[in-house]
Amino acid sequence: MKKRIQRASAYIFAVLLVFAVSLTSILLVRGAIVDERQREAENILFYYREKIVLQLQGTVNEATALAQTVHTAQSAQADASAWFETAAVPLLQRPEVCMVALFEGDILGLILPQDKYGSLDGKELRDFSYIYTMSKVVKELVVEGPVVLQNDPEGQEVFLFLQPIVEEGAYLGQVAVALDRDYVLGQLGLENLSAQGYDYELWRVEPQNGNKEIVASSQAGADFSQAQKTAFNLPTQWTLSIQPRSGWLSVGQRLGLALLCILIQVLLLSLLFLLRRTLRQNRLLAEAGRMDQATGLCSRKGFTAALDGWLHEGGVPVTLFFFSLEGYAQAVRLIGPDKEEEYLQSIRPRLNDYIRSPFLAGRLDESSYLVALREEMDEQKRDDFAKGLSLELLLQVRIGGEKSFLMARYQYLCCTPDQGGAADQISELIRAYYRQVAAESPVRMLTEKCRQLIEGKSDVVFDEYTDLEMMELSKTFNRYRRQVEQLAYSDPVFSVGNRLKFLRDTNMLISYDKKRQFSLFCVDICSFSQYNELFSAEIGDEILHEVLRRLSRPFGSYLYRINGDVFLGVSLSGEGSASFADRLQSLFAEPVVAGALSFTLQVRISACMYPEHGKTPSELLDHIQSALRFAKESDRVVTVYNGQLDEMIHTEADILRRLKEAIQDGTLEVWYQPIMRLCENRYTAAEALSRLPDGKGGFFSAGQVISLAERNGIVEELGDYVLRRACLFMREHGEALGLTRMGVNLSVQQLLVGNSAGHLLNLIRSTGIDPRLVTLEITESVLIQSIDQAAQALEKLRQAGVHIALDDFGVGYSSLNYLSNLPADIIKIDRSLTRQILTSPKQDALLKSIVKMAAINGLSVVAEGVETRAEQQAIAKSCVHYIQGYFYARPMPEEELRRFLSP
Ligand code: C2E
Ligand code: CA
Ligand code: CA
């Protein structure tokens with residue numbers, strides 16, 4: 001405000017100065033013009049003065065010549081009066097001569113014309129006017145006029161020329177000549193002055209009373225106070241004054257000057273305006289450099305200048321505070337530019353609200369501030385103030401939906417003028433701040449961060465430290481951490497995320513934005529194990545690489561391998577899951593080339609959506625896996641998780657509950673399907689199949705029950721149950737019914753527990769039958785996967801007489817080469833193969849070679865699932881030893897079988 005008033009008065013002063021300067025210059029110009037004209041007038045006056053003096057003392061003056069005549073006559077002792085008369089008479093002839101007189105001594109000797117002035121003869125000098133006496137006194141020519149002569153009845157105005165006659169300083173008399181006034185003035189030529197544009201005034205001072213007596217004037221009563229004057233003596237003092245009739249400056253000149261004045265003013269004012277604008281621009285530029293645009297606070301430069309001002313003023317002590325928001329750069333990346341702007345704009349009002357004393361505030365760089373305070377403060381007060389202000393500068397950040405705050409750290413310093421300029425003191429303060437930061441044990445901070453990592457915090461940021469070694473350590477540690485994460489979260493062979501990474505990523509997605517929807521897809525390659533088994537692990541890997549390459553197109557980095565051949569992908573695209581799944585499926589239309597081979601892969605896809613189908617990553621994973629299971633069980637390519645699946649899961653829980661109860665209560669039924677020995681044309685064997693009542697008069701599917709039991713770890717209990725029942729049946733009725741073998745299905749899980757063989761043999765023996773009556777059926781594909789662990793147990797069982805059958809042979813295109821090495825006695829060819837015998841010569845050939853190979857290796861062959869006579873005939877031709885299928889009999893309860901087999 002004060003500065004504004006100062007600036008305003010400076011401008012007013014400048015404007016006044018402009019007026020003064022222009023006026024002065026105009027006056028100077030005017031003075032110069034007037035001077036010039038006056039010099040001109042002076043010259044004219046000089047000329048006229050010379051001329052007038054010359055006229056009055058010479059050309060017009062007759063008195064001197066007359067006096068000479070008289071003097072000459074007196075010297076020649078002649079009659080002076082006669083001489084005078086002789087000279088005067090012709091003079092009087094001239095019209096302008098009005099009177100001629102001769103005084104001899106003080107007495108008038110002769111005066112002409114006699115008729116007019118004769119009466120004055122003999123009068124003394126003192127009887128005449130004072131000029132006559134003056135001529136006697138000054139003893140030189142006296143010119144006086146215009147006067148009226150004594151005794152002149154006409155009162156004619158004349159000029160009197162009085163020439164005294166002097167010899168050796170003694171006055172002898174005088175001659176007086178009066179000339180007509182107009183004549184004399186005419187001789188002076190004063191009118192020429194008028195013609196030259198001047199007004200004039202010729203006047204003289206009357207010696208008797210000192211009055212001014214105007215002799216001639218161009219304009220009576222005019223003011224000649226501004227006129228140029230010249231004086232001369234005759235011997236009374238005469239003065240000639242002249243002045244230009246239109247004044248010393250003409251109208252044109254005056255107009256010109258006024259215009260000039262305006263012009264100068266306009267010019268100067270424009271200059272002043274331009275100057276003001278440049279100054280203002282400079283000032284604004286300087287102010288811009290001194291201000292931080294984003295906050296409206298001072299910049300470092302502005303702050304330094306202002307603080308310098310304070311230090312110079314002295315008085316109340318100044319405390320300087322430095323505040324820094326460490327980690328600001330990361331924080332603003334999280335909050336975004338809009339929130340940052342809002343924050344920065346709020347700082348100035350916050351400071352104004354908080355600080356009561358006079359203060360300066362500046363922003364040094366994006367994350368640090370300076371505040372100078374003019375107030376008496378003790379240490380405690382300074383610290384309180386700094387703490388309070390650091391709270392005022394608090395920046396609120398939302399990380400993972402949770403509020404967190406970035407608080408300013410601070411350092412302060414008491415400023416005194418003797419410690420140097422503001423710039424030095426600011427630098428010193430900042431240095432002190434960083435010394436302090438460095439001193440705050442970075443090791444401890446790093447340790448704390450590691451601890452947070454161990455606790456599973458995922459957003460730990462490894463700061464850059466001011467200490468170089470510390471920074472290096474922190475960077476190295478961060479690299480190591482990434483490596484560990486890489487190991488923990490990614491598949492080492494395929495470098496793709498694993499189940500853990502899926503859980504972590506989706507957890508982050510959800511915590512970042514709970515409302516954001518995404519879809520989850522699970523892709524399973526059908527019967528993948530066959531590639532490993534039939535070809536090699538390398539071929540299997542190659543196929544998986546290609547699968548990953550294809551899947552990474554739609555999923556990018558959100559692709560995970562959660563099981564050997566099961567992949568998960570997250571899509572944020574918002575595309576409908578059905579169409580997305582279709583696209584996924586079409587990715588596998590092209591055959592996959594591995595080595596010299598090419599395969600067309602069959603895939604099963606399941607999908608579920610967040611948050612519709614699950615609120616947590618593990619819930620989603622559970623659901624998508626059950627959807628996949630459903631897909632497998634129901635032999636569907638694409639299954640989107642839905643409520644029905646939930647129902648299914650519900651049913652599963654129900655089955656599981658019933659199964660547990662049935663095992664416990666002994667209500668789980670065991671049915672038997674007889675097996676025809678072709679060469680004897682009678683049933684010599686049967687297969688025991690579990691049947692769980694569904695409570696509605698029917699039974700749950702055995703396959704579903706078994707897979708549930710396997711998944712829920714009760715398949716051993718179930719297996720034991722069925723084995724015991726089957727053995728008991730054989731003990732009671734086997735012989736009577738002509739059965740030499742009882743087949744019991746064995747889940748591979750039953751084989752993998754410790755001492756499984758011992759356990760099973762004990763069980764068989766405990767029923768009191770010969771183990772040779774028992775055939776344990778193990779699914780071929782499952783067995784091969786865990787052959788290393790299972791082989792030993794199987795061998796032990798075989799040694800005890802138990803027969804081993806490879807169940808479902810041919811489903812996984814089992815390698816015939818395996819047969820020789822497998823600890824088996826019987827192979828049971830799966831229905832999927834026997835079913836095709838009639839239609840596919842290839843399968844027929846395969847069946848025949850299986851039988852041949854089996855024969856070579858001393859194995860018996862059972863064909864399963866024979867339903868029709870045609871099938872039966874075709875199979876019989878291929879030399880299989882046994883046939884099992886609906887063609888002969890369906891599985892049936894114990895009593896029924898007894899009836900069926902009774903002779
Ligand atoms: P599996 O061992 O291959 O048993 C033969 C299955 O084929 C039986 O189905 C049987 O009913 C069916 N089958 C027999 N002949 C024909 C036919 O001509 N046409 C058709 N379409 N099917 C025929 P089931 O009883 O539903 O059992 C399914 C599977 O469940 C069994 O396949 C076996 O792997 C498993 N399983 C059944 N009971 C047990 C058990 O007590 N323990 C174990 N571990 N698994 C069992
Ligand atoms: Ca079986
Ligand atoms: Ca089978």
Side-chain angles (χ1 to χ4, degrees), residues 633 635 655 659 662-663 668-676 683 685-694 698-729 741-753 756 760 763 774-783 790 803-812 824-838 861-872 874-875 880 882-894 896-897:
E633 277 160 16
D635 202 17
I655 296 173
L659 178 63
I663 293 172
L668 178 69
E669 297 184 21
V670 179
W671 287 20
Y672 301 93
Q673 185 176 31
I675 300 170
M676 167 65 69
Y683 300 101
E687 180 178 357
L689 296 160
S690 54
R691 288 291 181 266
L692 178 69
D694 63 5
F699 298 93
F700 292 113
S701 126
Q704 193 182 7
V705 172
I706 300 304
S707 102
L708 254 178
E710 281 177 343
R711 276 187 273 129
N712 290 280
I714 54 165
V715 77
E716 280 172 72
E717 261 179 88
L718 180 136
D720 287 357
Y721 178 99
V722 176
L723 181 60
R724 175 177 289 114
R725 290 290 273 276
C727 288
L728 288 175
F729 177 81
R741 297 274 170 80
M742 174 54 77
V744 177
N745 292 291
L746 200 66
S747 161
V748 78
Q749 282 185 23
Q750 288 174 266
L751 271 183
L752 296 180
V753 292
S756 55
L760 292 168
L763 206 158
V774 177
T775 301
L776 292 178
E777 299 186 4
I778 301 159
T779 306
E780 180 239 16
S781 60
V782 180
L783 174 66
H803 290 90
I804 302 296
L806 289 182
D807 208 350
D808 301 344
F809 195 87
V811 171
D825 309 282
I826 301 158
I827 50 178
K828 295 187 77 174
I829 293 172
D830 192 67
R831 182 178 136 68
S832 59
L833 211 160
T834 51
R835 204 173 47 185
Q836 297 177 65
I837 290 299
L838 287 176
V861 179
V862 182
E864 284 188 303
V866 176
E867 292 185 349
T868 62
R869 174 163 296 279
E871 278 173 7
Q872 190 271 341
I875 299 277
V880 300
Y882 299 90
I883 291 182
Q884 176 183 356
Y886 293 172
F887 172 70
Y888 291 108
R890 289 181 177 250
M892 55 195 89
E894 202 179 303
E896 210 175 300
L897 181 75

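Read the numbers this way: they start at 1 and go in the same order the structure lists the ligands and their atoms.
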Vertex the Ca ion (ligand 2), rays to OE2 in E687 and OD1 in N745 - rounded to 10°: 90°

Hey, does K828 sit under 4.0 Å from ligand 1 if you only count heavy atoms? no

Side chain or backbone, does E687 bring an N or O within less than 3.5 Å of an N or O on ligand 1? yes

Any idea how F699 and W671 line up, ring-wise: parallel (<30°), tilted (30 to 60°), or perpendicular (>60°)? perpendicular

How many angstroms lie between atom CD of E716 and atom CG of L751, to the nearest 0.5 angstrom? 10.0 Å

In ligand 1, the atoms that come under 4.0 Å of a heavy atom of D808 are 3 (O)

Part of R831 with heavy atoms under 4.0 Å of ligand 1, whether side chain, backbone, both or neither: side chain

So E687 and P891, do their side chains get closer than 4.5 Å, heavy atoms only? no

Output the list of atoms in ligand 1 that are nearer than 4.0 Å to some heavy atom of G885, sorted by atom number. 15 (N), 18 (O)

Please round to the nearest 0.5 Å and tell me the distance separating atom CE of M742 and atom CG of L776. 12.0 Å

Tell me which one of V744, L689, N745 gets a heavy atom nearest to atom 42 (N) of ligand 1. N745

4.0 Å heavy-atom contact, G719 with ligand 1: no

Heavy atoms, side chains only, cut-off 4.5 Å: are L723 and V774 in contact? yes

So if I count the atoms of ligand 1 from 1 in the order they appear, which ones are less than 4.0 Å from some heavy atom of V722? 41 (O)

Quick check on contacts: which atoms of ligand 1 are under 4.0 angstrom from a heavy atom of V866? 18 (O)

One thing to verify: whether R831 and E867 come together as a salt bridge, which I'm taking to mean a side-chain N less than 4.0 angstrom from a carboxylate O. yes

Could you walk me through whether Y721 and V670 pass the side chain to side chain contact (heavy atoms under 4.5 Å, CB included) check? CA-CA 9 Å; Y721 178 99; V670 179; 4.3 Å; yes

For the side chain of D808 and the backbone of D830, is there at least one donor-acceptor N/O pair under 3.5 Å apart? no

pair Q872-M676: side-chain heavy atoms closer than 4.5 Å: no

To the Ca ion (ligand 2), the closest N, O or S atom belonging to D807 is OD2

For ligand 1, indicate whether the residue P891 contacts it via side chain, backbone, both or neither (heavy-atom separation under 4.0 Å). side chain

Taking the side chain as every heavy atom from C-beta outward, state whether E871 and I883 have any pair of such atoms under 4.5 Å apart. no

Within-4.5 Å side-chain heavy-atom neighbours: I706 and N745: no

Should T779 be counted as touching ligand 1, given the test is an N or O pair under 3.5 Å? no

Does even one non-hydrogen atom of G865 get within less than 4.0 Å of ligand 1? yes

Among E864, E710, E716, closest by heavy atom to atom 5 (C) of ligand 1 is E864

What's the atom name of the N, O or S in E777 nearest to the Ca ion (ligand 2)? OE1

Closest by any non-hydrogen atom to atom 20 (C) of ligand 1: pick that one out of E777, Q884, R691, E867. E867

